[in-house]
Every structure is written in C-alpha cells, then in structure tokens.
2 protein chains.
Amino acid sequence: MKVLSQTSKYGIRALLYMVSNPSTGEYVSIGEITKELNLSFHFLTKIFRELTNKGILYSYRGPSGGIALAKPSDQIMLIDIVLALEGEDYFDNCLLGFPGCGVEKPCPVHNFWKGIKEDIKSHLCNTSLAQLGEKILAEEVRLFD
Amino acid sequence: MKVLSQTSKYGIRALLYMVSNPSTGEYVSIGEITKELNLSFHFLTKIFRELTNKGILYSYRGPSGGIALAKPSDQIMLIDIVLALEGEDYFDNCLLGFPGCGVEKPCPVHNFWKGIKEDIKSHLCNTSLAQLGEKILAEEVRLFD
DNA sequence: CATATTTAAGAGTATTAATTCTTAATTAAC
DNA sequence: GTTAATTAAGAATTAATACTCTTAAATATG
C-alpha cells in the first residue's frame, strides 16, 4: 500500500528532523540531514529544490548555507508538502480506476473512498510540522531507528 | 494517490463485470471481458491466472471455456482479491516510511494511519462482489464509460 | 485426428519512479 | 582572488511496474 511516493516520505522525514532538532545557525545543511537520516544526499537535494521552488523552504548557498523553513513550523501543514511533491491532483483518484468515476457516474466504491480521502485530507490539513516535531521531542514517537 | 496497482484495479473491474453480467454458460471467456472493458487481453489473462492459482477463480481451457468464480459472489470479499494480487503484507506499511515504525516505536502519524488502514481493511472485508454487482445492476453506479 | 478456441507460462518490451552522477553557480573566509 | 562549502540544474542510470508477445497445453467439435 504505497500512498505516498518516496519523494514525499523522504521530504517529510527530513523536515521533521529539522523541526525536532533546532539548529544553532539559521540554515541547516542538507548534508547534515542526509547523514543523520541515512538518505541519499543528491536525492534529498532534488526534493528540497522542489520545496524551495514551491516557497516552502528558503535556501542559501555557500559555507554555513543550507535550507530553512520559509514559515514558522506551526504554519506549515502536511498537506502543503504532500501537494507540492505529489501534485495538486493528489486526491483526484478513483480507488478502482474506473474511467470517469465522479459524482455523476460513481464507481461502486466511490462514496466509501470519498469519505476515506476526506479523512486523510483533513488530517493532513490540520497537522503542522510543529505538532509532529513536538511529539518527537516529547519522545512519544521516534524519528530514528 | 495510487493505493491499488493496475493489476488489482483491472482484476476487480473484470470480476465486477462478471457478477453484473450473469452469462448463460458456466464459464465466461477472458476475451469477452477485455473486449467489453477495453482492457489488454494478455494482461488480464495474467491477472486471472494469479487469481486462479490463489483459488479465487476456476479456469477451463478449450472452446466455450473461460473462467468462473470459485465461490458464490457473496462469499468473495474485496479483501480476498486485494491480498491475492497485492500480497498478504498489503497493510503493513508506514505512511511516512519510517524504518521500524510499529507499536514499540511509532512514527508521528502512526495512530492516525492505523485508524485509516483499519477503516479501509474493514470495508474491504465486509464488501462482497455480490454487493457491488447489485449496485451496478440497480444502476446506482456505473461499470462502464 | 485435424482444426478452432481457449487458458498457461513466462520471456520480452516499454514506461514510470527512484536514485546517482556531473557540472555549474553562489558565497564565506582566508 | 583562491579555496572550500554549499545548493542548483538536470542528465544518466537503475529498479519497479505495466504491458505485450510468443509458444505451449487443453479441450470441444466435426
């Protein structure tokens, strides 16, 4: 059951590392993150480039450069990251792949699936990086192995 | 948001065609189904081979042969098809791909995702091909374009 | 038994997603 | 201005999924 691409998963994990490890400097380097989370440096760089282009991150080149959240972490919702990385049409899918499934001609599981998607969407809309970062800091959940 | 593979989607759509188009003979040919649903004959043949191997379908070769449900349609649940085609570990996933996410060391969205998965699983467990076939026959929903 | 119809099996190809690699641009510090 | 540290851009490669093709086996019918 692959609901999110590796791109989104790595992106979110890396952002959660950032909010749960308040760094001293203004920018945190991608190298540090990939080293800590054991991710591919080049792959995460590409992912973060996308988030920078979408206005979710700031980036700064050169020594002591890196990336930083463009907004306070309590104002960045999971939905922002998912839509940025998966595409704005992320929720426009039919579970069974029926061509033309929609309100006018629903597939046999349309209403059920609509409800599930609404649950997921609302949770992503109402969950900020800050909230999850706090859970990690409170050690209710874990970021690492 | 791709929750099911094309394999599962085509497989379920084809089975729904079967239950909503009670054929005269004992077996329905794969060629008829793919012609009606505009699917690839060879691809669906491969998918149905898997369902036959898993005991969900019977198959019979030769003229007027084809495939048939191995059990009455009200005893074949969507979960049976999904697990057969996606694998038994279909629900063993972490939304964010955290390594080792589980009860002992949950990721920050573990409990939320657990709930969603339970909703999906229980719906798939409680929905039979017969139920969906009836909805199609009652024209509440559509199988075709 | 010859032919036509159908599924079985799996090799082969194409498309998409994931990952790696190479080169360039920016900036700080000496 | 030279060097080192860092992101930017996107080409190139690999892996996974989706799909197609070829050959074989089974079976009904004349």
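As the structure is a computational prediction, the values presented were derived from the model and not from experiment. Below, chains carry the letters A, B, ... as their sequence lines are ordered, and counting in each starts from 1.
Using cut-offs of 30° and 60° for the angle between ring planes, the A:His123 and B:Phe112 rings count as parallel.
Remark: P of D:dT27 and OH of B:Tyr27 are 10 Å apart, rounded to the nearest angstrom. Following rounding to the nearest Å, A:Ile47 (CD1) and C:dA17 (C1') show an atom-to-atom distance of 12 Å. If you measure from atom CD1 of A:Ile30 to atom P of D:dA8, you get 6 Å, rounded to the nearest angstrom. The distance from atom CG of B:Leu51 to atom C1' of C:dA8 is 14 Å, rounded to the nearest whole Å. What separates CG of A:Leu39 from P of C:dA18 is a distance of 14 Å, to the nearest Å. Taking atom OH of B:Tyr10 as the reference point, atom P of D:dA18 lies 9 Å away to the nearest angstrom. Atom pair A:Arg49:CZ and C:dT23:P shows a separation of 16 Å (rounding to whole Å applied). Taking atom CD of residue B:Glu26 and atom P of nucleotide C:dT7, one finds them 14 Å apart after rounding to whole Å.
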Any protein N or O atoms within reach of nucleotides 20-22 of chain D? Criterion: under 3.5 Å, listing atom names and distances.
residue: D:dT20; atom: OP2; partner: B:Ser40; partner atom: OG; Å: 3.1
residue: D:dC21; atom: N4; partner: B:His42; partner atom: ND1; Å: 3.3

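Closest to the side chain of B:Pro63, from the set D:dA8, C:dA28, D:dA28, is D:dA28. Among the nucleotides D:dG10, C:dA9, C:dT7, the one closest to any side-chain atom of B:Asn53 is C:dA9.
The base of D:dA5 is not paired with the side chain of A:Arg61 by any donor and acceptor separated by under 3.5 Å.
When B:Leu15, B:Ile81, B:Leu57 are each tested for a side chain to side chain contact (heavy atoms under 4.5 Å, CB included) with B:Ile76, only one passes: B:Ile81. Each of A:Val3, A:Ile12, A:Leu78 was checked for a side chain to side chain contact (heavy atoms under 4.5 Å, CB included) with B:Leu96, and the lone residue meeting it is A:Ile12.
Residue B:Tyr58 is out of contact with every strand shown, counting any heavy-atom pair closer than 4.0 Å. Nucleic acid contact for A:Phe48: none, since no nucleic acid atom lies under 4.0 Å from a heavy atom of the residue. Counting any heavy atom pair closer than 4.0 Å across all strands shown, A:Lys2 reaches sugar-phosphate atoms only and no base atom.
The shortest distance between the side-chain N/O atoms of A:Ser59 and the OP1/OP2 oxygens of D:dA8 is below 4.0 Å.
Between the CD atom in A:Glu86 and the CZ atom in A:Phe91 there is a gap of 9.5 Å [rounded to 0.5 Å]. If you take SG on A:Cys101 and CH2 on A:Trp113, they are separated by 11.5 Å, rounding to the nearest 0.5 Å.
Comparing A:Leu44 and A:Ser64 by the nucleotide of DNA chain C that holds the closest heavy atom to each, the one mapping nearer the 5' end is A:Leu44. Ranked by how close their nearest DNA chain D nucleotide is to the 5' end, A:Thr52 and B:Leu4 are led by A:Thr52.
No side-chain donor-acceptor contact under 3.5 Å links B:Ser29 and B:Glu32. Residues A:Gln75 and A:Ser128 bring no donor and acceptor atom of their side chains to less than 3.5 Å of each other.
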